[in-house]
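Since the structure comes first, as structure tokens, the remarks are kept for the end.
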Number of protein chains: 2
Amino acid sequence: MSDTTPTVFIVDDNHSVLRSLSRVVRQAAYKPVTFSSADHFLDAIAHAPVQPACLLLDLHLPGMNGLEVQKHHAAIPAACPIVFISGNATIPATVQAIKNGAVTFLAKPFDHDDLLKSIEEALEKHRAQISELTQTGSIHDRIASLTEREREVMAWVISGSLNKQIAAQLGIVEKTVKVHRARVMEKMQTASVAELVKLCVVAGFESAKA
Amino acid sequence: MSDTTPTVFIVDDNHSVLRSLSRVVRQAAYKPVTFSSADHFLDAIAHAPVQPACLLLDLHLPGMNGLEVQKHHAAIPAACPIVFISGNATIPATVQAIKNGAVTFLAKPFDHDDLLKSIEEALEKHRAQISELTQTGSIHDRIASLTEREREVMAWVISGSLNKQIAAQLGIVEKTVKVHRARVMEKMQTASVAELVKLCVVAGFESAKA
DNA sequence: CCCACCATTGGACTTTGGTCCAATAAGTGC
DNA sequence: GCACTTATTGGACCAAAGTCCAATGGTGGG
């Protein structure tokens, strides 16, 4: 089982279901990891390395139900997509699950094909999510490497302000703004205001302008 | 019934259901507009003025089912949000409906409160959608007012290219680029590259760079 | 044929941005 | 105290962008 094999987490309180799902997952060349309770899963996932994965989750669980697990799970940044499974699902629960971001909701009994298709969809979604996170993560790192003053100057730069306007706003001389600005461009690894603006947009960094 | 009253479209092949829903909707101070077939609704909505509205849609309809109606309806830009209603809904149909953007899926019988809450959610969503469209619409108008050449130059400008680089790419002189560029800024009503980039981002206008 | 629009270019000039080098001062940590 | 970071400023200088002026050639429509 190599490291590049996608992991499929399976949470269900019924051991025979776990075994059965595990078998299907393993036969599809994925790596099944089972949990018989939500708590165990959440504990394990919290410190797991980030890699393509998905979660097969039973809606009915002792203690915390599937929707609650989904909520807790969504709190972590690299949370993997969820495929819900249930024998007696209600429409409202299904609506809730999908609106909260679940890939799909499979009602038992379901085709193996549907399951595998859903797993593949979830994994693909997670791969995209991870690559997205990797990108924005590096941008956030760069923003974090800026000093307060530099961040302040950057906020004004991406608002389209001139150096002299920024200087007036901050109560300093234009020359100083130029220095900060140059350092911003260097640390953010951008060669133009256009690039800088686009980085800030994807990173969610707001521009100034009182 | 004033013009500012939100409209609630209702599509159901059962006339007694239409009457019943109409009454509830009217009592909640909304303006009900009923259709007994999908085709009639799609025809009507295609030329209706854009204003806050939502659609109560039965999953089971003669001819075209609810999911298909949703698909066709989604094709128009200002499409109002959909609240599905059905007496015998399946989990897969529910999943499909929500994944395709439905606000919710109400299984009969349902509380009037749930219905009204869903309608309000849908209307709120549509208001946001309309205001979004109004904004981006005006940006698209400005982009449309540019000549082909100007759009081309803008694509390079927002990529962060220098005038001389743009000139080289287009096989023209830097001076000409300056002229186009000035006209772009004027027509787009922007005073800085930063603003221009942000407009292009929200309008989905892609930057150049081979 | 003339007009309007568009793309193109030139020249002169100002403003702005970016880049060197260099310096001072305050705060932080060892 | 000394090294380090950060914020601040100055001067000189070059490159880039913006702004006036004016002009030419093509194209499509009335």
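Below, chains carry the letters A, B, ... as their sequence lines are ordered, and counting in each starts from 1.
- Of the residues in residues 138-146 of chain B, none has a non-hydrogen atom less than 4.0 angstrom from any atom of DNA chain C.
- Within residues 152-159 of chain B, no residue has any heavy atom closer than 4.0 Å to DNA chain D.
- The shortest heavy-atom contact between B/Q129 and B/A79 is NE2-O, 2.7 Å.
- Between A/V103 and A/I82, the closest side-chain pair of non-hydrogen atoms is not below 4.5 Å.
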Show the atom names and distances, to 0.1 Å, of all donor-acceptor pairs under 3.5 Å that link a side chain in residues 114-123 of chain B to residues at least two apart or in another chain.
unit_1	atom_1	unit_2	atom_2	d
B/S118	OG	B/D114	O	2.8
B/E120	OE1	B/Y30	OH	2.5
B/E121	OE2	A/K99	NZ	2.8

Run the side-chain donor-acceptor check on residues 37-44 of chain B: report pairs under 3.5 Å with partners two or more places apart or on a different chain.
unit_1	atom_1	unit_2	atom_2	d
B/S37	OG	B/D39	N	3.4
B/S37	OG	B/H40	N	3.3

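- Within the 4.0 angstrom heavy-atom criterion, base atoms lie near A/T176.
- A heavy-atom distance below 4.5 Å is not found between the side chains of A/P32 and A/R23.
- To the nearest angstrom, C1' of D/dA17 lies 11 Å from CD1 of B/I166.
- Side-chain N/O atoms of B/T147 include one lying less than 4.0 angstrom from OP1 or OP2 on C/dA7.
- The heavy-atom pair separating B/M154 from B/I143 by the smallest distance is CE-CG1, 4.3 Å.
- No side-chain donor from either of B/R26 and B/S22 sits under 3.5 Å from a side-chain acceptor of the other.
- The shortest heavy-atom contact between B/L199 and B/M188 is CD1-O, 3.7 Å.
- Listed by chain and number, the residues in a side-chain contact (heavy atoms from CB on, under 4.5 Å) with A/V202 are A/I139 (sequence neighbours excluded).
- Using a 4.5 Å heavy-atom cutoff, the side chains of A/V8 and A/L56 are in contact.
- What separates CZ of A/R183 from C1' of D/dA7 is a distance of 9 Å, to the nearest Å.
- Comparing the local axis fitted to the first five base pairs of the helix from C/dC1-D/dG30 to C/dC30-D/dG1 with the one fitted to its last five gives a bend of 40°, rounded to 10°.
- The salt bridge (Lys or Arg N to Asp or Glu O under 4.0 Å) analysis of residues 187-202 of chain B, with sequence neighbours excluded, yields the pairs B/E150-B/K187.
- When the C1' atom of C/dA7 is taken as reference, atom NZ of B/K187 falls 12 Å away, rounded to whole Å.
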### Task
Determine, for nucleotides 15-21 of chain C in 5'-to-3' order, which nucleotides have protein heavy atoms under 4.0 Å from the base (write B), from only the sugar-phosphate (write S), or from neither (write -).
-SBB-B-

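- Remark: B/R149 pairs with B/E152 by the salt bridge (Lys or Arg N to Asp or Glu O under 4.0 Å) rule, at least two apart or across chains.
- Side-chain contact check for A/K71 versus A/N100: every heavy-atom pair is 4.5 Å or farther apart.
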Determine all donor-acceptor pairs shorter than 3.5 Å in which one atom belongs to a side chain in residues 58-69 of chain B; sequence neighbours excluded.
unit_1	atom_1	unit_2	atom_2	d
B/D58	OD1	B/H60	N	3.4
B/H60	NE2	B/S86	OG	3.4
B/H60	NE2	B/N88	O	3.4
B/H60	NE2	B/N88	OD1	2.9
B/N65	OD1	B/L67	N	2.8
B/N65	OD1	B/E68	N	3.0
B/E68	OE1	B/N65	N	3.0

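- At the phosphate of D/dT8, OP1 or OP2 sits under 4.0 Å from a side-chain N or O atom of A/R149.
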### Message
Protein within reach of the bases, or only the backbone? For nucleotides 25-30 of chain C, mark each nucleotide 5' to 3' as B, S or -, using heavy atoms under 4.0 Å.
### Response
------

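- Looking at heavy atoms from C-beta onward, B/Q51 lies out of side-chain contact with B/P6 at the 4.5 angstrom threshold.
- Residue pairs meeting the ring-ring contact (aromatic ring centres under 6.0 Å, His included) criterion with at least one member in residues 118-164 of chain B: none, sequence neighbours excluded.
- Of the candidates C/dT9, C/dA7, D/dT8, the closest approach to any side-chain atom of B/E150 belongs to C/dA7.
- With rounding to whole Å, B/H180 atom NE2 is found 7 Å from C/dT8 atom C1'.
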